[in-house]
Protein chains: 2
Amino acid sequence: MKEKRRNGSKAIAPFKNKILQGDCLDILAGLPRESVNLIVTSPPYADNRKSSYEGVPIDGYVDWFLERSAQFQRVLRSDGSFILNVKERTVKGEKGTYILELVLALKDQGWRWTEEYIWHKKNSYPGKWPNRFRDAWERCLHFTKQKSFKMFQESVMVPTGDWAKGRLSRLSQVDRLRAESSAQNGFAKNVSNWVGRDAAYPTNVLHLATECKNRQHSAPFPVSLPAWFIKLFTEDGDIVLDPFIGAGTTAVACHQLDRQFIGIDSNPSYVALARSAVANLKRHPVQR
Amino acid sequence: MKEKRRNGSKAIAPFKNKILQGDCLDILAGLPRESVNLIVTSPPYADNRKSSYEGVPIDGYVDWFLERSAQFQRVLRSDGSFILNVKERTVKGEKGTYILELVLALKDQGWRWTEEYIWHKKNSYPGKWPNRFRDAWERCLHFTKQKSFKMFQESVMVPTGDWAKGRLSRLSQVDRLRAESSAQNGFAKNVSNWVGRDAAYPTNVLHLATECKNRQHSAPFPVSLPAWFIKLFTEDGDIVLDPFIGAGTTAVACHQLDRQFIGIDSNPSYVALARSAVANLKRHPVQR
DNA sequence: GTTCCGCATGAATCGATAG
DNA sequence: ACTATCGATTCATGCGGAA
């Protein structure tokens, strides 16, 4: 009641399991405070190209982001987590510092910088240059509001030992690859059954391949990336927010894991893409 | 001659292949400018248990470092590289920001932040904590003085990945016979594309195991870590500086790769350890 | 029904060329 | 001079079609 009065007539229900078109700054203003359990997103990267539709200029990137992360902070539950997948661009042989500045600014905004996970992209973009190698990793910055927060480490345990090895070796090549690269098949979920047998906790380095599908828009990150954090930081039925949902990858992960999602994007074509990704899932439910 | 006058009577010779005891701030003042090809080091971290550790203050870590990196900048050749292996400490569940601040400050000092390599520690320290997983990576920040610098990418090429490996190995069963017996076969032509193609350039993610030697002081990083950067950024006979040499790992790597080293540490017991590590190498030369 | 190859495709980066 | 666009380089992955 008190909560309700503080948020006026705000209610979470109209936002649940929707892909909404607009600037998350505006849309999130309609959400009640402390209403989502996890925010996981990959925001548009700072870009020099002014012609780029979603390109956010490097100058002012931090301020642009802070305005929105203030809303993230309001709508996130106090035991929730905020996962930010970013990587700074290299311009004229020098790495941009706006991500470093953003981390410092988010801390000033009241966020606790709890961890920095490394997403190791096994299949990084090819190329050769005189002064650097291929870029094969991205930051997954973990921020929280409190020192203690919801975390379910057992849900992301990985198989080890002879028992798992034998079982893995008996699987076909395709199944094994699928098990490693995707959380959507039953094999990955059964890993939780191995708790107490031969399962180990992972580290803060995630080894995942990017998905190279021949679609019009390819997902910038694989389903298994948000899925990993969703399993780690939420329970069944929890609400996951992605304020820059792009191709809808986070929504797909939520659907597969029985979490509720709120997806936002300012680009109408991305919104359409995300909506069709969700619709396709409902038509062809994944074997779980 | 001009160079000599500018540096007064400074000469590099007395420093070559020595482990020197003292604060690198003082010792490096005696080196000529532009005299070393590579600086690779893992500096001491400020420890919150004491007011200072090895002379490193907690407050003012950045200022403490900048004073020394000014000397690094002076003694480093203009086509040289500076590799800084660091990882911020986590205090009360929150990650320190002094490394981020250091990167920004080094940029202000005139360094170019060229790259951030990730050292993925394959066998990270075991343990379990309620709100984080095992820490399995460290930053290897790459700074340079100029846009172009010495880099020998071929020296660190790695075997090709699973894709080529798997497909090539599968050839050996039936198809390789066919390829050998019939040169006009179209398939044999395709195989030829892969002949000699067993090595690829690495990425900016290094997969190295930590060394678990039964020493008194465990080396903070394995020989293979400085060795990788030494091979990448220097040639035979070049001079490598480690201003915080600790257990002497960088000197060992230099000895194995026929580079010259200058090692400095303020802690006398570390100096003794590093000196004995080098002495042991000379008694028992490594198979190369 | 499997297994296996061919091919397109990436949150890339640099240097050259064009406006 | 300064910016915008384009081609070259390169390799792990998934998918479609073939054997």
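Letters go in sequence order (proteins before strands), and every chain restarts at 1.
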- [ ] Take atom OH of B/Tyr201 and atom C1' of C/dA12, then tell me their distance rounded to the nearest Å.
- [x] 17 Å
Open item on the list: Please tell me whether A/Phe229 and A/Tyr117 form a close aromatic pair, meaning their ring centres lie under 6.0 Å apart.
Closed with: yes
Open item on the list: Using whole Å, what does the distance between atom P of nucleotide D/dT13 and atom NE2 of A/His207 come to?
Closed with: 12 Å
- [ ] Please list, chain by chain and in numerical order, all residues satisfying ring-ring contact (aromatic ring centres under 6.0 Å, His included) with B/Trp137, sequence neighbours excluded.
- [x] none
TODO: Calculate the interatomic distance between A/Asn123 atom CG and D/dC11 atom P; express it in whole Å.
DONE: 13 Å
TODO: Could you state the atom-to-atom distance from NZ of A/Lys122 to C1' of C/dG10 in whole Å?
DONE: 16 Å
Open item on the list: Wobble G-U and Watson-Crick pairs count when both distances are under 3.5 Å; given that, what is the 5' to 3' dot-bracket string of DNA chain C, with | for pairing to other strands?
Closed with: .|||||||||.||||||||
- [ ] Measure the distance from NE2 on A/His120 to C1' on D/dC11 and round it to the nearest whole Å.
- [x] 13 Å
Open item on the list: Could you work out, with side-chain contact (heavy atoms from CB on, under 4.5 Å) as the rule, every residue matching A/Pro202, not counting sequence neighbours?
Closed with: A/Val156, A/Trp228, B/Phe133
TODO: Starting at atom CZ of A/Arg134, determine the distance to atom P of D/dT10, rounded to an integer number of angstrom.
DONE: 11 Å
Open item on the list: Restricting to salt bridge (charged side-chain N to carboxylate O under 4.0 Å, His left out), what partner residues turn up for A/Lys145, sequence neighbours left out?
Closed with: A/Glu34
Open item on the list: Restricting to side-chain contact (heavy atoms from CB on, under 4.5 Å), what partner residues turn up for B/Ala136, sequence neighbours left out?
Closed with: A/Thr203, A/Asn204, A/Val205, B/His120, B/Ser124
Task: Length of the CD-C1' vector between A/Glu138 and C/dA12, whole Å - done: 11 Å
- [ ] Check side-chain contact (heavy atoms from CB on, under 4.5 Å) between A/Glu67 and all other residues, then give those that pass, not counting sequence neighbours.
- [x] A/Leu25
- [ ] List for me each residue that meets side-chain contact (heavy atoms from CB on, under 4.5 Å) alongside B/Asn85, sequence neighbours excluded, and say none if there are none.
- [x] B/Ser42, B/Trp119, B/Glu138, B/Cys140, B/Phe221, B/Leu225
Task: Letter per nucleotide, 5' to 3', of nucleotides 13-19 of chain C [B base touched, S only sugar-phosphate touched, - untouched; heavy atoms, 4.0 Å] - done: BSS----
Task: Ring geometry between A/Phe65 and A/Phe72 (parallel below 30°, tilted from 30 to 60°, perpendicular above 60°) - done: perpendicular
Task: Rounded distance (Å) that lies between atom P of C/dA12 and atom CH2 of A/Trp119 - done: 11 Å
TODO: Could you tell me whether B/Pro202 contacts a base, only the sugar-phosphate backbone, or nothing, with contacts defined as non-hydrogen atoms closer than 4.0 Å?
DONE: nothing
Open item on the list: Going by the rule salt bridge (charged side-chain N to carboxylate O under 4.0 Å, His left out), which residues pair with A/Asp23 if we only count those two or more places apart in sequence or in a different chain?
Closed with: A/Arg68
